[in-house]
Amino acid sequence: MNVEQRDRSLFVDHTRITVRGGKGGNGAMHFRREKYVAMGGPDGGSGGRGGDVLLLADPQKKSLLDLTYSPHFYAGEGEPGLGSNKYGSGAKDLTVHIPVGTLILRDGKLLADLKTPGETFLAAKGGRGGRGNSAFKTQRNTAPQISENGEPGEEFVLDLELKILADVGLIGAPNAGKSTLLSRLTSARPKIANYPFTTLNPNLGVADWHGVHMVFADIPGLIEGAHAGKGLGHDFLKHVERTRILFHLVDLSGFDGRDPYDVIQMINKELGLHSPKLLKKPTIIVANKMDVTGAEDALKALKKKLKRVKIFPISAATGVGLDPLLAYAAKELAKPELEEKKEESREPHRFIIELDFEIEKENDGWRVKGSKVERLSAMTNFAQAEGTRRFQNILRKMGVEKELLRQGIEPGDTVRVGKIEFYFEVDDEAPRRKPFKRAYNPHRA
């Protein structure tokens with residue numbers, strides 16, 4: 001691996017992670033036992049809640065590199081409940097630090113855009129603790145022999161995409177002097193060399209102009225076809241989208257044998273093909289390398305072709321013309337930022353009603369799906385007869401048994417709810433009293 005490849009790998013602007021909230025603690029089934037106290041009653045405590053997974057926008061983070069090498073984030077589980085009505089302790093939340101400006105997506109849909117330092121997003125919620133048997137005590141059932149397992153936490157696969165936040169974006173063809181200008185205006189020290197594509201990833205720096213702090217971003221050089229993946233610019237064009245001002249650097253001696261005006265048109269075309277919004281950003285032409293021979297004539301020719309465009313002649317190498325450039329940037333940034341109008345959807349608003357359950361026919365049985373029934377299955381302790389009866393009664397009241405019969409289920413067919421399997425059975429004397437009988441399931445977690 002050469003030096004350029006190592007440098008580029010230090011900046012990662014997209015990755016995929018897996019987040020999972022912690023499982024809640026199991027509830028306890030316990031009865032009070034004390035000398036001279038007969039039938040002390042149930043005193044099993046409930047389990048503690050599982051931890052949440054939170055994503056925190058951290059200004060100290062500049063890349064998603066760490067998350068690429070460690071993409072799994074699982075919060076801790078809650079402690080189980082104990083006798084004497086002792087509740088289990090809840091688990092601590094797991095906080096994942098990500099760069100400011102990160103987009104959070106799931107299945108291609110945007111969930112959050114963390115643009116403010118310290119902003120947090122609940123990525124996966126932890127499960128609640130299972131109830132102990134003391135919570136099931138009623139006047140009719142004074143000694144319940146039932147408790148709940150802890151609820152599983154949410155689990156998702158998330159795509160993270162970083163778009164750096166900067167006030168001013170430096171764009172232009174390779175070797176236009178963007179890195180040199182950044183080193184002159186700020187304390188950043190990017191790699192500078194006299195060959196194209198010296199910059200392999202965006203560099204940030206903070207400039208100070210009479211107390212006004214401005215963040216500059218140096219974007220790798222753009223070439224024709226950058227929007228389609230040529231060169232390095234395609235990977236980083238998205239980072240220009242959030243800058244408020246664009247400084248378009250142009251080498252007055254030309255690039256790749258082209259006239260400076262043609263280079264400007266080429267760069268503008270690539271910006272428009274990537275996103276038409278980029279062409280609407282305040283942009284000035286920064287005519288660089290005024291210290292080279294023939295620069296004055298090239299500047300006059302450029303001004304004739306761009307009569308209505310503001311042009312700042314500078315020399316990034318010698319520092320000539322930088323003060324007016326910074327003064328202009330500070331003046332533009334002092335203006336109030338216009339909020340983008342959100343495009344209103346033309347489609348009518350639709351209310352989505354989620355069904356309690358769905359039934360699917362499988363090759364070797366039936367599957368009952370739905371968040372409510374799957375959560376019930378996960379939290380039921382099937383080692384307890386009372387828990388199994390409660391599970392069956394709830395499914396019957398929800399209409400699961402009736403729907404299975406309507407769809408043509410036969411006695412002996414396998415029914416799956418979550419990770420639990422049952423055989424469907426019908427009692428001739430009471431055809432709807434005991435529809436399920438639990439079967440051994442080697443795949444049960």
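Throughout, residue positions are numbered sequentially from 1 according to the sequence presented.
- Here the side chain of R242 pairs a donor or acceptor atom with the backbone of K163 at under 3.5 angstrom.
- E386 contributes a side-chain N or O that, together with a main-chain N or O of Q145, makes up a donor-acceptor pair within less than 3.5 Å.
- The shortest heavy-atom contact between L333 and M214 is CD1-CG, 3.3 Å.
- Between the side chains of N393 and R390, no donor N or O sits under 3.5 Å from an acceptor N or O.
- A salt bridge links E401 with R396: at least one charged nitrogen is closer than 4.0 Å to a carboxylate oxygen.
- Judged by distance alone, the side chain of R49 and the main-chain N or O of G78 form no donor-acceptor pair under 3.5 Å.
- Looking only at distances, no side-chain donor or acceptor of K125 sits under 3.5 Å from a matching main-chain atom of G153.
- Proximity of the aromatic rings of F422 and F382 is defined here by a centroid distance below 6.0 angstrom, and this criterion is met.
- A donor-acceptor pair under 3.5 Å links the side-chain atoms of E151 to the main chain of R128, judged by distance alone.
- Counted by atom type alone, S147 and Q384 present one or more donor-acceptor pairs between their side chains at under 3.5 Å.
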Run the side-chain contact (heavy atoms from CB on, under 4.5 Å) check on I284 and H248 step by step: do they pass?
-> CA-CA 6 Å; I284 63 170; H248 188 158; over 6 Å; no
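- Within 6.0 Å of the CZ atom in F136, the count of heavy atoms belonging to other residues, nucleotides or ligands exceeds 12.
- Around atom NZ of K361, more than 12 heavy atoms belonging to other residues, nucleotides or ligands sit under 6.0 Å away.
- Checking S134 against N85 by side-chain atom types alone, a donor-acceptor pair falls below 3.5 Å.
- Ring pair F312/Y328 is tilted by interplanar angle, where 30° to 60° counts as tilted.
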